[in-house]
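Values below: every heavy atom of this structure, side chains too, minus hydrogens, waters and symmetry copies.
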Amino acid sequence: MIGSLLYLKASRPDIVYSVELYERFQSSPKESHLKAVKRILRYLKGTQDLVLWYPTGDSFEVVGYACSEYAGYLADKKSTYGMAHFLGSCLLSWASKKQNSVALSTAEAEYVVVASCCAQLL
């Protein structure tokens with residue numbers, strides 16, 4: 001089920017965070033994780049009309065946004081972050097991840113996410 005949701009998150013940014021949260025428990029799932037995944041599937045069934053829309057005639061200005069949460073993942077104290085890139089008003093890419101290393105401060109967590117956001121643009 002998680003594999004199918006991982007495929008779907010490429011076109012459904014509204015489920016990215018939830019899918020990646022339960023993806024972490026894929027190797028040792030519990031009953032509560034199965035219930036949560038089924039809830040995501042029910043949500044998808046009820047929101048089939050939500051799609052990404054790219055209008056014509058927009059500007060070609062690339063803008064990136066990034067946000068970090070210091071020690072956001074309580075299990076191992078690693079920071080979590082999210083970022084999004086837009087071409088005009090159109091979403092190009094997005095990501096929500098747990099950082100690879102433990103940040104020692106909020107500033108360091110923000111620095112890591114800004115570096116990752118800039119690297120995505122190259």
Peer 1: Counting distance only, does the side-chain N/O of E110 pair as donor-acceptor with the main-chain N or O of T106 below 3.5 Å?
Peer 2: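 Flag not set: sc E110 to bb T106 has no pair under 3.5 Å.
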Peer 1: Mind checking what makes ring-ring contact (aromatic ring centres under 6.0 Å, His included) contact with H85, not counting sequence neighbours?
Peer 2: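 For H85 there are no ring-ring contact (aromatic ring centres under 6.0 Å, His included) partners, ignoring immediate neighbours.
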Peer 1: Using side-chain heavy atoms (C-beta onward) and a distance below 4.5 Å, is I40 in contact with Y22?
Peer 2: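 Yes, side chains in contact.
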Peer 1: Using a side-chain heavy atom cutoff under 4.5 Å and only I, L, V, M, F, W and Y, what cluster partners does V114 have?
Peer 2: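 Other cluster members: Y81, M83, V113.
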Peer 1: Just grab all the side-chain hydrogen bond (donor to acceptor under 3.5 Å, both in side chains) pairs involving residues 36-47, residues at least two apart or on different chains.
Peer 2: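 The answer is R12-T47, D14-Y43.
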Peer 1: For Q26, check side chain to side chain contact (heavy atoms under 4.5 Å, CB included) against everything at least two apart and list the hits.
Peer 2: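 Q26: side chain to side chain contact (heavy atoms under 4.5 Å, CB included) contacts with I2, E23.
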Peer 1: Mind checking whether L44 and L5 have side chains closer than 4.5 Å, heavy atoms only?
Peer 2: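 Answer yes - side chains close enough.
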Peer 1: Run the ring-ring contact (aromatic ring centres under 6.0 Å, His included) test against F86 and tell me which residues pass, sequence neighbours left out.
Peer 2: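 If we apply the ring-ring contact (aromatic ring centres under 6.0 Å, His included) test to F86, skipping adjacent residues, the hits are Y65.
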Peer 1: How close do S79 and S68 get, counting heavy atoms only, and between which atoms?
Peer 2: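 Heavy atoms only, the tightest pair is CB-OG, 4.3 Å.
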Peer 1: With rounding to the nearest 0.5 Å, note down the distance linking CG in L41 to CE in M1.
Peer 2: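 One finds 7.0 Å between CG of L41 and CE of M1.
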Peer 1: Linking Ile, Leu, Val, Met, Phe, Trp and Tyr by side-chain heavy atoms under 4.5 Å, what else ends up with Y7?
Peer 2: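 Direct or chained contacts put Y7 with none.
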Peer 1: Nearest 0.5 Å please: distance from the OH atom of Y70 over to the CG atom of L104.
Peer 2: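 Reported to 0.5 Å precision, the distance equals 6.5 Å.
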Peer 1: Assigning hydrophobic clusters by single linkage (Ile, Leu, Val, Met, Phe, Trp, Tyr; side-chain heavy-atom cutoff under 4.5 Å), is V63 placed with W94?
Peer 2: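 Hydrophobic grouping puts V63 with W94.
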Peer 1: Measure across S27 and P29 and return the closest heavy-atom pair with its distance rounded to 0.1 Å.
Peer 2: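 For S27 versus P29, the nearest heavy atoms are C-CD, 3.6 Å.
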